[in-house]
**Student:** 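This structure is in structure tokens; I'll ask about it shortly.
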Amino acid sequence: MIIGGVGILVVAGITLGLSKLKPAAPTVEKNTVWVDQVKRGLMLRQVRGNGTLVPEVIQWIPATTEGRVEKILILPGTVVTANSVLLELSNPELEVALRDAQLQLNAAQAEYENLKAQLESQKMDQEAAAAKVQSDYVEASLRAEADETLAKDGLVPQITLKISKAKAEEQKLIYELEKKRLNVNANSMKAQLNVQRTKVDQMQAQYDLRRNQVEALKVKAGTDGVLQQLPVEVGQRVSPGTNLARVAQPEHLKAELKIAETQAKDILIGQEASIDTRNGVIPGHVTRIDPAVQNGTVTVDVALDGPLPKGARPDLTVDGTVELERLENVLYVGRPASGQDDSTITLFKLDKNGADAQRIKVKLGRSSVNTIEILDGLGEGDSVILSDMSQWDSFDRVRLN
């Protein structure tokens with residue numbers, strides 16, 4: 001009975017001990033996980049995004065009038081000058097309107113010249129009449145003076161002298177009125193010519209408009225550069241405002257980066273950046289941040305401060321990195337799969353021999369593209385697993401094989 005009782009106690013103790021044992025740690029292949037070591041020092045905060053190179057100077061060439069594409073003379077990729085004719089349009093109605101405008105202008109100019117000749121003739125007639133009046137006035141004045149001299153000697157009656165003086169005064173008044181009439185007629189002539197001149201100017205403006213519209217049927221580049229796009233085809237009908245071509249200056253490029261909206265909040269104008277064209281890295285700086293979010297990204301413009309590498313051209317896909325700030329003397333580690341700024345997560349920390357890893361809580365701070373700041377839970381030199389370990393959430397330890 002004693003032996004049986006002892007046996008029961010032993011079995012019960014073994015059963016209780018086994019029930020309190022933790023499950024065996026699962027084994028993880030070491031070469032399938034990413035292990036990084038905690039470091040202390042300078043940490044660069046960066047954000048990264050994809051984008052393209054775009055010209056700083058782009059000129060779209062719109063159609064100024066309705067027309068039909070007759071010829072395409074230059075294809076995209078060709079170097080052009082401001083006077084290079086890219087394509088030709090046709091519009092018979094415009095050509096007819098140009099001829100009508102030319103005829104109307106010629107008619108208005110002819111009417112102006114005819115009116116000018118008539119007014120000049122009238123002016124000369126009035127000047128001749130004024131000269132005759134002036135002559136009569138001078139003659140009457142001289143006669144009055146002669147009669148006054150004779151009257152002093154008693155050779156002419158006083159009545160004759162008075163008549164001579166009255167006649168001279170009358171001629172003087174007529175002469176003054178004639179001079180005023182000349183001035184009034186001169187102003188009237190000027191006003192009539194101005195009215196006709198305005199009509200000529202109106203016809204000239206109409207003709208210039210039609211001529212410019214016809215000349216615009218030969219579409220020119222308008223600036224030196226490279227023809228990038230020509231989104232029309234021969235035979236296509238275009239309306240005013242339709243974009244016919246795009247010309248850019250390829251030697252002046254900038255980078256347009258698409259940065260995730262969650263990472264773009266700390267980007268500021270003037271921050272340093274680097275653009276990887278896959279054929280070289282170009283330094284630059286942020287010049288513009290789009291205030292709107294599109295499809296979860298923010299567009300950031302980066303001006304290029306270095307020379308362009310070979311093969312750099314508009315619409316080339318690039319990778320861009322923007323430097324946000326430099327953090328001195330901080331603990332940091334590679335960015336874990338599930339780590340976000342200012343959050344607390346759990347990571348598997350390796351023991352000294354590197355064979356086992358224990359789950360611990362880690363408080364994270366500011367993050368960069370590939371690194372993140374450690375605020376609490378880890379020390380310099382600690383090694384942690386940064387890979388996604390969600391399949392081992394039910395275990396606090398794992399064994400590395």
Side-chain angles (χ1 to χ4, degrees), residues 20-50 257-274 276 286 289 293 296-298 300 319-401:
K20 291 184 177 182
L21 287 177
K22 296 181 179 180
T27 300
V28 178
E29 295 295 330
K30 196 170 185 177
N31 58 1
T32 62
V33 295
W34 175 29
V35 178
D36 194 19
Q37 191 176 56
V38 179
K39 304 176 185 66
R40 177 177 291 277
L42 174 64
M43 173 182 158
L44 293 178
R45 285 194 66 210
Q46 300 172 324
V47 293
R48 180 177 295 166
N50 299 326
L257 303 179
K258 302 295 184 181
I259 306 295
E261 59 180 319
T262 56
Q263 300 179 7
K265 62 182 184 298
D266 295 327
I267 298 179
L268 300 174
I269 301 295
Q271 289 176 335
E272 295 182 358
S274 59
D276 185 1
V286 177
I289 304 169
V293 177
T297 63
V298 175
V300 176
D319 294 324
T321 303
V322 179
E323 183 177 313
L324 302 179
E325 61 179 326
R326 293 170 173 261
L327 303 178
E328 303 284 349
N329 193 30
V330 296
L331 283 176
Y332 65 93
V333 72
R335 189 164 182 170
S338 59
Q340 300 295 331
D341 292 9
D342 302 318
S343 63
T344 300
I345 63 172
T346 59
L347 295 174
F348 282 98
K349 173 185 172 183
L350 275 66
D351 57 16
K352 293 182 179 180
N353 60 20
D356 295 293
Q358 178 73 34
R359 185 188 297 274
I360 60 170
K361 287 186 177 182
V362 179
K363 186 177 181 180
L364 305 177
R366 292 162 290 186
S367 67
S368 182
V369 176
N370 298 318
T371 57
I372 195 166
E373 182 184 13
I374 302 296
L375 299 180
D376 191 25
L378 292 172
E380 183 178 0
D382 290 343
S383 296
V384 291
I385 298 175
L386 303 179
S387 302
D388 183 13
M389 299 291 285
S390 58
Q391 58 179 319
W392 315 115
D393 284 347
S394 58
F395 298 92
D396 292 332
R397 294 182 63 87
V398 293
R399 179 175 295 275
L400 301 178
N401 188 10

**Student:** Is K363 reaching over with its side chain to a backbone N or O of K361, donor-acceptor style, under 3.5 angstrom?
**Tutor:**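 Not confirmed, K363 side chain does not pair with K361 backbone.
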**Student:** Check the pair L364 / Q340 against side chain to side chain contact (heavy atoms under 4.5 Å, CB included), numbers first and verdict last.
**Tutor:** CA-CA 7 Å; L364 305 177; Q340 300 295 331; over 6 Å; no
**Student:** Looking at residues at least two apart in the chain, or sitting in another chain, which of them share a side-chain hydrogen bond (donor to acceptor under 3.5 Å, both in side chains) with D388?
**Tutor:**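 For D388, the residues satisfying side-chain hydrogen bond (donor to acceptor under 3.5 Å, both in side chains) (neighbours in sequence not counted) are S390.
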**Student:** Would a distance-only check, ignoring hydrogens and angles, find a side-chain to backbone donor-acceptor pair under 3.5 Å from S368 to L44?
**Tutor:**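 Yes, S368 side chain to L44 backbone: donor-acceptor pair under 3.5 Å.
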**Student:** Enter the distance from I289:CD1 to L257:CG here, rounded to the nearest 0.5 Å.
**Tutor:**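 With rounding to 0.5 Å, CD1 (I289) is 11.0 Å from CG (L257).
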**Student:** Apply side-chain hydrogen bond (donor to acceptor under 3.5 Å, both in side chains) to K258 and list each qualifying residue two or more places apart in sequence or on a separate chain.
**Tutor:**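 Applying side-chain hydrogen bond (donor to acceptor under 3.5 Å, both in side chains) to K258 gives T299.
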**Student:** Please report the shortest heavy-atom distance between A337 and S387, naming the atom on each side.
**Tutor:**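 Result for this residue pair: CB-C, 4.3 Å.
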**Student:** L268 vs V286, test: side chain to side chain contact (heavy atoms under 4.5 Å, CB included). Steps then yes/no.
**Tutor:** CA-CA 7 Å; L268 300 174; V286 177; over 6 Å; no
**Student:** Of all residues at least two apart in sequence or in a different chain, which pass the side-chain contact (heavy atoms from CB on, under 4.5 Å) check with A273?
**Tutor:**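 Testing A273 for side-chain contact (heavy atoms from CB on, under 4.5 Å), a comparison that skips the adjacent residues, returns V302, V322.
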**Student:** Start with the C-alpha gap between V362 and V384, add the side-chain angles, then the distance that decides, and say whether side chain to side chain contact (heavy atoms under 4.5 Å, CB included) holds.
**Tutor:** CA-CA 10 Å; V362 179; V384 291; 5.7 Å; no
**Student:** Does N329 have any side-chain contact (heavy atoms from CB on, under 4.5 Å) partners at least two apart in sequence or in another chain, and if so, which?
**Tutor:**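 Residues passing side-chain contact (heavy atoms from CB on, under 4.5 Å) with N329: R40.
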**Student:** Pairs under 3.5 angstrom only: tabulate donor-acceptor contacts from the side chains of residues 371-383 to other protein residues two or more places apart or in another chain.
**Tutor:**
| from | atom 1 | to | atom 2 | distance (Å) |
| --- | --- | --- | --- | --- |
| E373 | OE1 | R366 | N | 3.2 |
| E373 | OE1 | R366 | NE | 3.1 |
| D382 | OD2 | G379 | N | 2.7 |

**Student:** For a quick test of reading the model, state the closest non-hydrogen atom pair linking I385 to L347 and the distance between them.
**Tutor:**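 What the structure gives for the nearest pair is O-CD2, 3.7 Å.
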**Student:** For F348 and W392, work out which heavy atoms get closest and say how close.
**Tutor:**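 That closest heavy-atom pairing would be CZ-O, 4.1 Å.
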**Student:** Which value, rounded to the nearest 0.5 Å, describes the distance between L331 atom CG and K39 atom NZ?
**Tutor:**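 Going from CG on L331 over to NZ on K39, the span is 11.0 Å.
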**Student:** What is the distance from atom CD1 of I259 to atom OG1 of T321, rounded to the nearest 0.5 Å?
**Tutor:**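 Atom-to-atom, I259:CD1 and T321:OG1 are 8.0 Å apart.
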**Student:** Holding to salt bridge (charged side-chain N to carboxylate O under 4.0 Å, His left out), I want the full list of residues that pass it with R45, two or more places apart in sequence or in another chain.
**Tutor:**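 Per chain and number, R45 pairs via salt bridge (charged side-chain N to carboxylate O under 4.0 Å, His left out) with D266, E325.
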**Student:** Please name all residues satisfying side-chain hydrogen bond (donor to acceptor under 3.5 Å, both in side chains) with N50, sequence neighbours left out, ordered by chain then number.
**Tutor:**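 By the side-chain hydrogen bond (donor to acceptor under 3.5 Å, both in side chains) rule, N50 matches no residue at all.
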**Student:** Atom CD of residue position E272 - does it have more than 12 heavy atoms of other residues, nucleotides or ligands inside 6.0 Å?
**Tutor:**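 Incorrect, the count does not exceed 12.
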**Student:** Hey, could you give me each pair passing salt bridge (Lys or Arg N to Asp or Glu O under 4.0 Å) that has a residue in residues 327-339? Not counting sequence neighbours.
**Tutor:**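 Every pair satisfying salt bridge (Lys or Arg N to Asp or Glu O under 4.0 Å) with a residue in residues 327-339: there are none.
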**Student:** Where do E323 and R326 come nearest, in terms of heavy atoms and distance?
**Tutor:**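 Closest approach of E323 to R326: OE2-NE, 3.0 Å.
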**Student:** At their closest point, which heavy atom of G334 faces which heavy atom of L386, and how far apart are they?
**Tutor:**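 In terms of heavy atoms, the two residues are closest at O-CD1, 3.2 Å.
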**Student:** For the atom pair CG (L350) and CG (D356), what is the distance rounded to the nearest 0.5 Å?
**Tutor:**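 Atom-to-atom, L350:CG and D356:CG are 8.5 Å apart.
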**Student:** Side chain to side chain contact (heavy atoms under 4.5 Å, CB included) for Q358 and D351? Distances and angles first, verdict last.
**Tutor:** CA-CA 7 Å; Q358 178 73 34; D351 57 16; over 6 Å; no
**Student:** Restricting to salt bridge (charged side-chain N to carboxylate O under 4.0 Å, His left out), what partner residues turn up for D319, sequence neighbours left out?
**Tutor:**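 D319 satisfies salt bridge (charged side-chain N to carboxylate O under 4.0 Å, His left out) with R278 once adjacent residues are dropped.
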**Student:** Does NZ in K265 sit with more than 12 non-hydrogen atoms of other residues, nucleotides or ligands closer than 6.0 Å?
**Tutor:**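 Atom NZ in K265 is packed in, count exceeds 12.
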**Student:** For R359, give me all partners under side-chain hydrogen bond (donor to acceptor under 3.5 Å, both in side chains), at least two apart in sequence or on another chain.
**Tutor:**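 Residues passing side-chain hydrogen bond (donor to acceptor under 3.5 Å, both in side chains) with R359: T346.
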**Student:** Among residues at least two apart in sequence or on other chains, which ones pass side-chain contact (heavy atoms from CB on, under 4.5 Å) with A260?
**Tutor:**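 T262, Q263.
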